[in-house]
Amino acid sequence: MVDFAGAPQQHVVLSFTLWLLVVPLLLGFAGHGFIGGQSRRRAADAETVRRQFERAKILGMATVGIATGAALGHAVGLVRAAPAPRAFIEYLSSGARIGDVDASIALYFDGFAAIACVLSCVVAFGVATWVATRPAAEGGPGVWAWIELALAGALLSFLADGLATMAIGWTLIVAASAWLAGYADPRAGAVAATRGAVAITLLVVGGSWLFCRFEGASQGDSTSEQTPRFMAVRSAESDAEGSSLTLASAPGALVYLDEARTPLARAPFAHVAVPVGMHSIRIHPGSAAEDTVLDESIADGTTIALIPAGPSLSLREIAASIGAPALEPSRQARGMPVAVAVLCVWMAAAWAVSAVPPAASGPVPLIALSHGATTAMIGPFLLARASALLAFAPRMELVLATMAAAILVSAARALWAAASRRVDTRAESLAASLLDRAPARAGALLMRFEYWVVDAVAGAAEASGRIVAWAAWRFDAHVLSTPGDAAAVRVAAFGRAVEPWIGVPLARVAWVIWVAVAGVGSAYGIWAAW
Amino acid sequence: VPVVNASTARFLAILAAVVLAAVVLVAFAPTPAQAATSAGGRIALSLPGGGPAPLVLRPGEGGFVGEFRIGNVGSEPLTVSRIAIRGDEDDVRSPSRLFVRFVEGAATTATIAPGAFKDVIVSWMPDRDPRVRQAFGHVVATSTDEGSGEVAMGFRAQMPTGLGRIGDHPLTMLVLLPLLVVLLVAAAGLAGGSDDPRLGSICVAVGVLELLLTLWMYHRFATDVGRADGNDGFQLVERVVWVRSLGSEWYVGVDGTSIGLVLLTVIVANVALLVASVERRGGPYYATIAILWSGVTGALVALDLVLLFAACQTIWLALVLLVGGWGGARGRLAAAKLAVAGTAGSVALLLAFVALSRASGATFLVDGAKIAHTLAIPELSRTAFSASPPICGMPFVAVVSVLLFVAVAIWSPVVPLHRWLPDALEQAPASGAIILAGAVVALGPYLLIRVGLSALPDGARWGGAAVAVLGSFGAAWGALCATAQRDLRRFVAYTTVASSGLSLYGAGTLTTEGIAATTMAVFAHGLSVAIVLGVASALEQRVHTCDATRVGALLVDAPALRVLCALGLGVSLGAPGLVGWWGILLAFLGGFARYPVLAVVLAAALVASTAAHVRIARLMLMGKVDARWRESSHLAPFGGRLPDATPTDLVALAPVAAVAVALGLWPSPLLSAVAVSARDGSALVDLEGQDGKGPRPE
């Protein structure tokens, strides 16, 4: 067993309330969609519309309020619980395990997530309060639905325990972004959506790379390693008598002690009491994965955390895996190029997803603030989450920090311009200059770079893609189809020629032949069986 | 006046000739060579009372027991040196806890006097809470009768299902129930009422019955049962001798790969039937749909090559009839193209099946009869084909793999053999198009897994890389072509090509994750096709077109259809949070280890696919409605607004959309079933896997 006090699993508390941050928002989004659909479908009078808008306002304030309250509550809980438990985790859906892939949706609330969630929620709540004070025409169901969608996406991204969950959050964010950008111009919305899809694809590519190459799993000419490896780490805490076992990963996994036929516990679980002594701990992760057996000596007053040491989609587990044992030089050497490559791919993803569309074109200008507090933050947040990989590539720190700061400054600048619909570059003092003008100029520079370089490249790529697609389609329709078309024409002509001779349509002949053959076959089978 | 005219007589003559040929082919096929007689003791296995084999184990003694007899029909004493359950730890055939012994003396050896017999007791003592609820296998006996060699008695045991006879034969019911519609239509036709509108309602009722039966099967399916648990990892197995002279059996069963696709087929068929009921089709149309549906289900559950081939032919025939008989203006041409593609694919499939069977070794039918060559897919997986003699100077494995892949490439379809699909999908009636793109094309990747991986693992090892290359480039090609489409049906056709490419890439990686990705991608695409083509059908009903550029933002007026369309496009795209996402993720995770460059190609295909989907979504779901539509004759009766989804539309499409969302957030019900069979498939083709067939053939 490895003596280690830094693995996040050791400080995890299973939560049953984290869903309050996300689920009410999604339900509210669906509710607002329903209200909006109703008002669209029926040509209602002004009073009915007003009532619908009032309902939308109440529902919106309730959902955003619940999310904000839950975020603040969990953050307070986290602070009060420090220093021992430092994170909450909740599995929304226990998924299947295929090889090393854990297809579950889990929420993880640690310090990073707490800051991001509270910030997003507070800004969103402020914007929601402002929207609620506006005339009904400015606060229709659509606006509320947008706020809920963007906030739910951001919170899901911040709370995601694994990359699969994070991708779902990003998708909601991209949908919100495209909706906002396409409010006045659907084409701009389509561009935003495609850009978001590129970001999500990069996220997946980076994650897959990390999954497959990190720790040497699934390499070479052999098939994927099917045994999820676990290791036991001993907590430095000894706060109680007796000893206990914690497994905050691999939901659904069954843990058996010694030769017992009934499981000790089903993951995820925390601090399940185990007798002191030498034990054989068998972990059965799922039907499509092999069991892992660990022989451990458990002393009095220790907490044993079982953590996965193999490939994983969870950055938390990867961080634990990197941090738990001392890194061997060979692993260090093997991991470094992968870590650098993955970080580069994710930086591109962060840049792509954090782009702020011309938010002021939306129904309510101030909505851009909420948009900024959600969309612009998820890219840098990914880079912060991936900081564990810096153990392999310490020189990437500066690049990462610069990148994250650039994205944030760029977003802040765009937001300011969008929200106030002006660009005020006058500075009256040095402090004002430092606080407003310098960031503004830096932001403007970045925005120009983005508009003139990134967008130009993207435009060129899009044009090239269209030309290639058109060429492929023409080739497909006029070259690849030629042999099949020629054969089909001959067959059809043959059919036309033969049908008068037979006297009935060929289709009927085929039909009757099929029935006859099937009938003979079945009859013979029944006869043979008897 | 002649009773029949000349053309009818010719038709009847052709029919008679075909029937006669079929009878001759089946009845007079060469039977297995009889064992040479010897002067010594001769072994004969039989059941008490002379009933037909296999031996059925009945409940008793805390488990299941049954007895059969080993007799000596020779003139000298016979020594039975060994009786045992066929299989061992390295080649698991039957579930564990099966025992066999002579009744007298409880031994596994005996000496039998001439004309005498001895009883053998077979028992199966499953656990109190068993995962495997059936036992199929053989008791093999070795004796001094060298002429007979090793002989076998088949046995089977079935735990009670709670549904009586239906529960004992659920898959047969599933395959044959749609054919009830055919009989009804035939009866209605004889009574002069083949266009009776009640036929549609009956068809829908049969669909609901099938759905209930499938859900029951899915509920009973044990997700953690694999090859190591016996019965070759299959569940709900039904196995009887069908055509003894060919060595063919009615051998059906499901594993994790097929159970999900059976569910998909039934879901898609129900959507198609509801759409057809809106189209108000006649009896023959429903009969053709039922045959197509039965064929697809049969192909998914068939574990015998003859049965599988027959199901495939049924599907092609029904498709050609559907597109040619009820298709659009260019339906006949599309049907002819379909027939050409189907014939080419069928020939390739037939040649591959014949070659596989001829190269297989001797084994036993379910009742214990010895046959020289097997047609059962699980038996084929035990044959080391790399040692088979070459065909026309080329390695056996390479030739058969290529033939098989040609068939798969036509079914899937894979570029450049995909051209039949866009025309067929454009010309087919809406309900037929839904089954075609949702369920029929799923059979391509399925054939690759079922036959390519299970029966010919050597071939999978040999051609896995090529499959992955064709898959990834096919995905890119399909996505690129989809960006140029305006018609929703042709768009679906090219996204189908792209999805098939993704599936084949997953299968080609040969990893657990990749093989699971194939099933997930196929399942998700089937659901998306059902939704998108369902919306397309609703549009065609209302405005007689589904051209996105012409329809424009009409769906803005119809919130329910708009949401359904958005969800359908999202599932087709593989948006995270919807069921399509898991296929893409698993394909990447499984493929990156083996083919990172192809994974990058796949990523580019995904981006192109996104552009295509976003373009259609922008045209149809965003923006403002063209004012000319408001005054058009189609919408004028509805106040210039597109009518929203009808209750039938909602009943057909909303549950599918709900399933797509639910499985996106909680994929466990589907993934758990897929996981074990994917692991077994991967282990079969693993270079250092469990089959021990040696290294990759050069």
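Chain naming here is simple, since letters A, B, ... match the order of the sequence lines and numbering starts at 1 in each.
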Let's test your reading of the structure: which of [options] forms the most heavy-atom pairs below 4.5 Å with chain A?
options	result
B/Leu317, B/Thr223, B/Leu417	B/Leu317
B/Gln485, B/His613, B/Arg332, B/Lys624	B/Gln485
B/Leu670, B/Leu585, B/Leu665	B/Leu665
B/Val614, B/Asp367, B/Leu602, B/Asp423	B/Val614
B/Leu606, B/Thr314, B/Val320	B/Thr314

Calculate, to the nearest 0.5 Å, the distance between atoms OG and CG belonging to A/Ser312 and A/Leu210 respectively.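 Reported to 0.5 Å precision, the distance equals 9.0 Å.
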
Portion of B/Arg131 that has a non-hydrogen atom of chain A nearer than 4.5 angstrom: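 Contact with chain A: none, neither part.
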
Checking [X] against chain B: side chain, backbone, both or neither under 4.5 Å from a heavy atom?
X	value
A/Ala164	both
A/Leu313	side chain
A/Val489	both
A/Leu156	neither

Taking side chain as C-beta onward, heavy atoms only, is [X] less than 4.5 Å from [Y]?
X	Y	answer
B/Val240	B/Glu249	no
B/Lys337	A/Asp485	yes
B/Leu671	B/Leu586	yes

For this output row, return yes or no: ring centroids of B/Trp582 and B/Trp666 closer than 6.0 angstrom.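 Between B/Trp582 and B/Trp666, the centre distance exceeds or equals 6.0 Å.
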
Looking at the rings of B/Tyr494 and A/Trp473, which for Trp means the six-membered one, are their centres under 6.0 Å apart? yes

Residue selection (most heavy-atom pairs with chain B, distance under 4.5 Å) from A/Ala487, A/Pro483, A/Ala472: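 When all of A/Ala487, A/Pro483, A/Ala472 are compared, A/Ala472 has the most.
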
Which one, A/Trp170, A/Phe494, A/Phe475, leads in non-hydrogen pairs under 4.5 Å with chain B? A/Phe475

Does B/Gly226 offer a backbone N or O that forms a donor-acceptor pair with the side chain of B/Asp680 under 3.5 Å? no

